[in-house]
4 protein chains.
Amino acid sequence: MNDYSFIISFFILNVNTVRKVMTHLKKDKPKYKQIIDAAVVVIAENGYHHSQVSKIAKQAGVADGTIYLYFKNKEDILISLFEEKMGQFVTSIRGKMTGEEDAIKQLEILIKSHFQMLADDHHLAIVTQLELRQSNKDIRLKINKVLKEYLLVVDEVLKNGVQSGVLTEDLDIRLARQMVFGTIDEVATTWVINDQKYDITKLGPGIHSLLVNGLKK
Amino acid sequence: MNDYSFIISFFILNVNTVRKVMTHLKKDKPKYKQIIDAAVVVIAENGYHHSQVSKIAKQAGVADGTIYLYFKNKEDILISLFEEKMGQFVTSIRGKMTGEEDAIKQLEILIKSHFQMLADDHHLAIVTQLELRQSNKDIRLKINKVLKEYLLVVDEVLKNGVQSGVLTEDLDIRLARQMVFGTIDEVATTWVINDQKYDITKLGPGIHSLLVNGLKK
Amino acid sequence: MNDYSFIISFFILNVNTVRKVMTHLKKDKPKYKQIIDAAVVVIAENGYHHSQVSKIAKQAGVADGTIYLYFKNKEDILISLFEEKMGQFVTSIRGKMTGEEDAIKQLEILIKSHFQMLADDHHLAIVTQLELRQSNKDIRLKINKVLKEYLLVVDEVLKNGVQSGVLTEDLDIRLARQMVFGTIDEVATTWVINDQKYDITKLGPGIHSLLVNGLKK
Amino acid sequence: MNDYSFIISFFILNVNTVRKVMTHLKKDKPKYKQIIDAAVVVIAENGYHHSQVSKIAKQAGVADGTIYLYFKNKEDILISLFEEKMGQFVTSIRGKMTGEEDAIKQLEILIKSHFQMLADDHHLAIVTQLELRQSNKDIRLKINKVLKEYLLVVDEVLKNGVQSGVLTEDLDIRLARQMVFGTIDEVATTWVINDQKYDITKLGPGIHSLLVNGLKK
DNA sequence: TATGAATGAGCGTTCATTCAT
DNA sequence: CATGAATGAACGCTCATTCAT
């Protein structure tokens, strides 16, 4: 075995090790996602406080005890659920914004994607807009941590807008972010509370225009 | 506020007065308010899920059973609490806006009043922004009903602005209302979650400017 | 009202107050003893680990929740049970020993009473000799505290015997107490494990003689 | 030990040897002892009720399922543990008593050995004196069966003493055995409950003297 | 033999509500 | 009106045991 083969085998070993470590993560096992998806459905249909662990287990097609092989406790299902879905969402939005450099158009994409995601998953919309908020302050803090990732995207868009000169130069990023997120969130919650009976994706352009131009004539 | 909206608000005020006058309900007895105030303190200090009826009774200085002479059940305490406080809030805001006819200045007053109310009552801020939302969908629907009274004030301001020509003429009142309320609410919640450690009343002008002028340059 | 009547009424008040305070003690309410007696029966018949709180409640004729008005938790039932019964036992033994000054005869009374108590309450015997010991170290420490009261009686007898010269003068009280209690306890446990199928009270004299005279000729 | 008891003990030893030789059981495989030793450590350190099978398996360095290749169930680990250790203990005591024919001196050896064994194995002392007793009546009965082997040794000593005339001639062997064992056991348990903070081996002579001479002057 | 992921039965405790006084 | 003792339904979580690999 010469020096090269040593190096090669070193890398192969490394790759295998990495792969092993990764597949050993609970998050990558099929039952992890299986339980999360079951939780979304059960919580959406029954509300968080009527979603017994046994109900989620049944929906996921596993035993009650199996839940606890993948999640620390019931709360952890909720947090993991949000982590998982929000992670996918942020990745998806970043993907859609790729190539677009105009902050105002980026904001358009962001709003459109946000509403589209909610419209695409009836159950997830209920869970994120209503049920997730019924948890106590501790969970809410953890959820907020996950939300940060999304708010970071908003911040990037806003900062880009200021730097490129399309947004007002003395913009208070923190306040602006709260307006953007607060507005989108309020529109979404109202839509869910009204049983999603109208097409939320149609509200995107109006919201976008309001945020960009404000109320005044 | 234009003549029409004045008339509308006059009737609303009237309706409320009439209801009060006609019913001579428990609402007017001292223990009613005593229990509600106790609930605000207990919920703010212990969180919604640790606020047992017995704890509220103790804080109010009455027996557990007495609660049920004034409220149908625990939910009813929550809804009544919100009704009571929101009623006072709306009355107060209307009072402060009296005489001001410029919608943009009315909005300024509304935002300022909203933040001032939260800053004035530490406990109430926690309860309305965090704890009240931990209730289930049914209660949330009832709370939303109570909230309507406040949103009506926002609508009046917006309609006034459109009619008087200071706000954009094709304004979608519903969306604009959701932006205004969503933004104020998000700012308030963020402030409470951060333990009210900065002065929220100082954020009023910035928020007002953002809502009126939008993000763009 | 003269000075005397003042004093009298003062005492009457005192007596009432004391009585009130006493009857307000959970221990003196009928349900306290009711639950303890139920626990003795249920635990004796099912074993501690198969004695669900609901089973004890049913036997006591109260609701499950009522248990928790009188006891902190399931463990607390066990400890209180032992406290109550051991307290009665110690009082009873002291009563029977009243007037007897000879330590050797006092020991006879003590052994006889101990065995008699066990023979008198079939269920209690099982609970004290077997089930009580299945608890963890924490409970055992608490139980030992209660037991101290009994061991104190043994100590008194032994000290009396040494002082009056009927027992060996260089007696190690601690070791002697452990021999006396250890022996009585072992005899009792063996009897219970053998389903109480012989008359334990008949063993008293033999045990007494052995303890007093030892094994040697 | 007189000739007869020697013969008896010879047969007992023989029987044990034969059983071992004939069966070629799991008992002789290394993992059997490995698991038992792990159980002693885990139970001593965590208490009986916190000693999950999985914890014992981990300590033993085997998989959970492997436990069930060597033991029928969790109970069986306990009983086997006691069997194994008590067997060693009895063999050791018999060895130490070899050659000694005076019953009173045999008793001295027995007590000394008993305390020495406990002092030598910190963990085993906790397990036998405290944790093993937290099991239910069924296990206790089985443990008592194992204990018989030890009690047999006590009986032999006592019978020897009566026959050789050093112990009182009308000695009730059963009661005397219960006094001897009950006393030793109580002393041992007290020592363990007090965290083994004094030297139990120093108590041997005092206990021996008390048992032999009794309490009286 | 050995593994360890999966199973699912089992239970102590809380607390909103009632009702006899 | 007011009390507060009593009620009892409801559920998250653990862990001994199994069995496919």
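Order of the sequence lines fixes the chain letters, A, B, ..., with proteins taken first and strands second; residue numbering starts at 1 for each chain.
Checked against side chain to side chain contact (heavy atoms under 4.5 Å, CB included), A/Ala125 has the following partners two or more places apart in sequence or in another chain: A/Leu118, A/Trp191, A/Val192, A/Gln196. Residues meeting the side chain to side chain donor-acceptor pair (under 3.5 Å) test with C/Glu45, sequence neighbours left out: C/His123. C/Asp64 is linked by a salt bridge (charged side-chain N to carboxylate O under 4.0 Å, His left out) to nothing, counting only residues two or more places apart in sequence or in another chain. Applying the side chain to side chain donor-acceptor pair (under 3.5 Å) criterion to D/Gln34, with sequence neighbours excluded, gives no partner residue.
Between the NZ atom of C/Lys58 and the P atom of F/dT7 there is a distance of 14 Å, rounded to whole Å. Put simply, CG on A/Leu69 is 12 Å from C1' on E/dG8, counting in whole angstrom units. Whole-Å rounding puts the C/Ile67 CD1 to E/dT13 C1' distance at 12 Å. Residue B/Ile77 contributes atom CD1, which lies 10 Å from atom C1' of E/dA16 at whole-angstrom precision. With rounding to whole Å, C/Lys74 atom NZ is found 8 Å from E/dC11 atom P. Separating the OH atom of D/Tyr32 from the P atom of E/dA2 is a distance of 15 Å, rounded to the nearest angstrom.
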Practice task
Starting at the 5' end of DNA chain E, write a dot or bracket for each base, bracketing those in Watson-Crick or G-U wobble pairs whose two distances are under 3.5 Å and using | for partners on another strand.
Solution key: .||||||||||||||||||||

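Sorted by first and then second residue, the ring-ring contact (aromatic ring centres under 6.0 Å, His included) pairs involving residues 45-66 of chain D (not counting sequence neighbours) are C/His49-D/His49. Identified under the side-chain hydrogen bond (donor to acceptor under 3.5 Å, both in side chains) test for residues 52-61 of chain C, with sequence neighbours left out: C/Gln52-C/Lys55. Sorted by first and then second residue, the ring-ring contact (aromatic ring centres under 6.0 Å, His included) pairs with a member in residues 52-87 of chain D read D/Tyr32-D/Phe71; sequence neighbours excluded. Residue pairs meeting the salt bridge (Lys or Arg N to Asp or Glu O under 4.0 Å) criterion with at least one member in residues 125-138 of chain B, sequence neighbours excluded, are A/Asp195-B/Lys137, B/Arg133-B/Asp185. The stretch residues 70-88 of chain C participates, sequence neighbours left out, in these salt bridge (Lys or Arg N to Asp or Glu O under 4.0 Å) pairs: C/Lys27-C/Glu83, C/Lys33-C/Glu84, C/Asp37-C/Lys85.
When all heavy atoms are compared, the tightest approach of A/Ser51 to A/Ile43 is OG-CA, 3.2 Å.
Nearer the 5' end of DNA chain F, as judged by each residue's closest nucleotide, is the contact made by C/Lys31, out of C/Lys31 and A/Asn73. In terms of position on DNA chain E, the residue among A/Val62 and C/Thr66 whose nearest nucleotide sits closer to the 5' end is A/Val62.
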Return the polar atom pairs (N/O with N/O) between nucleotides 18-21 of chain E and the protein under 3.5 Å, or none.
none

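Remark: nothing in residues 37-56 of chain C comes within less than 4.0 Å of DNA chain F through any heavy atom.
Expressed to the nearest 0.5 Å, how far CD1 of B/Ile35 lies from CD1 of B/Ile56 amounts to 9.0 Å.
D/Phe71 comes within 4.0 angstrom of nothing in the nucleic acid, heavy atoms only.
Contact check, A/Tyr70 against E/dA6: a side-chain N or O comes under 4.0 Å of OP1 or OP2.
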